[in-house]
Amino acid sequence: MSKEKFHIEFLMGNATQSSLWRMISQIDGLSEWFADEVTMDETETIYKFIWGKTDNEARIINKKPQSNIRYKWLDEEEEELYFEFLLRKLDLSGAMTLEITDFAEPDEKGDAIALWEFQVDEMKRRLGI
């Protein structure tokens with residue numbers, strides 16, 4: 001079964017672009033909501049995410065500062081699979097949105113979306129949103 005792409009968007013209210021960028025691209029920000037601990041290699045392109053006794057590594061494959069960052073899990077065999085965070089400012093309200101693109105098996109898509117929702121709720125709590 002091949003994984004299918006999904007896209008979810010979260011309204012991030014009055015969070016600043018720089019605070020959101022820190023949360024999605026810096027090890028200290030990512031360790032506040034995405035994983036228990038995050039480290040990076042000396043090239044600053046491979047991040048190690050640790051959850052309890054499990055861990056996984058991802059490489060940054062695309063980055064536009066203050067806008068978007070795309071990661072690829074190193075253990076993922078399919079080359080076209082990634083997860084990405086995109087920041088966008090709404091024209092009318094000036095509020096920020098966080099858009100997440102990821103891939104999941106069709107029968108696991110609902111669980112994957114629920115996990116992202118849970119994690120983004122934690123990010124919002126940390127940012128005071």
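The figures here come from the full heavy-atom set of this structure, side chains too, leaving out hydrogens, waters and symmetry mates. Nothing here was measured: the structure is a model prediction, and the numbers come from that model.
Within the model, atoms OG of Ser19 and CD1 of Ile129 stand 6.5 Å from one another, a figure rounded to the nearest 0.5 Å. Separating the CD atom in Glu57 from the CG atom in Leu74 is a distance of 5.5 Å, to the nearest 0.5 Å. Taken to the nearest 0.5 Å, the CZ atom of Phe10 stands 7.0 Å off from the NZ atom of Lys124. For the atom pair OG1 (Thr43) and CZ (Arg59), the distance works out to 7.0 Å, reported to the nearest 0.5 Å. Separation of atoms OG1 (Thr16) and CG (Leu127) is listed at 8.0 Å; rounding is to 0.5 Å. From Phe103, atom CZ reaches atom NZ of Lys109 across 11.0 Å, with rounding to the nearest 0.5 Å.
Judged as a ring pair (Phe, Tyr, Trp, His ring centres under 6.0 Å), the pairs with a partner in residues 59-81 (not counting sequence neighbours) are, in order, Tyr47-Tyr71, Phe49-Trp73, Tyr71-Phe83, Trp73-Phe83. Screening residues 29-52 for salt bridge (charged side-chain N to carboxylate O under 4.0 Å, His left out), with sequence neighbours left out, gives Arg22-Glu32.
Taken together through direct or relayed side-chain contacts under 4.5 Å among Ile, Leu, Val, Met, Phe, Trp and Tyr, Ile100 and Leu86 form parts of separate hydrophobic clusters. Phe85 and Tyr82 fall into different hydrophobic clusters, where Ile, Leu, Val, Met, Phe, Trp and Tyr side chains are chained together by heavy-atom contacts under 4.5 Å. Placement of Trp21 and Met96 within a single hydrophobic cluster is found when ILVMFWY residues are connected by side-chain heavy-atom separations under 4.5 Å, directly or transitively. Note on Ile46 and Ile60: separate hydrophobic clusters, where clusters join Ile, Leu, Val, Met, Phe, Trp and Tyr whose side-chain heavy atoms are under 4.5 Å apart, directly or indirectly. Leu30 and Ile50 are not part of a single hydrophobic cluster, where members link through side-chain heavy atoms under 4.5 Å apart.
Applying the under-4.5 Å side-chain rule to Ile, Leu, Val, Met, Phe, Trp and Tyr, the cluster around Leu90 extends to Leu11.
In this structure Lys5 satisfies the salt bridge (charged side-chain N to carboxylate O under 4.0 Å, His left out) test with no other residue, sequence neighbours excluded. Not counting sequence neighbours, the partners of Glu76 by the salt bridge (charged side-chain N to carboxylate O under 4.0 Å, His left out) test are Lys3. For Glu99, the side-chain hydrogen bond (donor to acceptor under 3.5 Å, both in side chains) criterion is met by His7, Arg88, not counting sequence neighbours.
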Report task. Step by step, work out the side chain to side chain contact (heavy atoms under 4.5 Å, CB included) result for Glu122 and Arg125. Result -> CA-CA 5 Å; Glu122 178 64 17; Arg125 192 178 68 73; 2.8 Å; yes
Requested in this report: Show your working on side chain to side chain contact (heavy atoms under 4.5 Å, CB included) between Phe6 and Glu4 and close with a plain yes or no.
Outcome: CA-CA 7 Å; Phe6 65 91; Glu4 46 183 63; over 6 Å; no
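Across all their heavy atoms, Gln66 and Leu87 have their closest contact at O-CD1, 4.0 Å. Between Ala112 and Ala104 the shortest heavy-atom distance is CB-CB, 3.9 Å. Listed here is the closest heavy atom pair of Ile24 and Ile69: O-CG2, 3.6 Å.
For CG of Asp75, the number of neighbouring non-hydrogen atoms (other residues, nucleotides, ligands) closer than 6.0 Å is greater than 12.
With Gln119 contributing its side chain and Phe34 its backbone, the two residues share a donor-acceptor pair below 3.5 Å. Remark: the backbone N or O of Met23 is paired with a side-chain donor or acceptor of Trp33 at under 3.5 angstrom.
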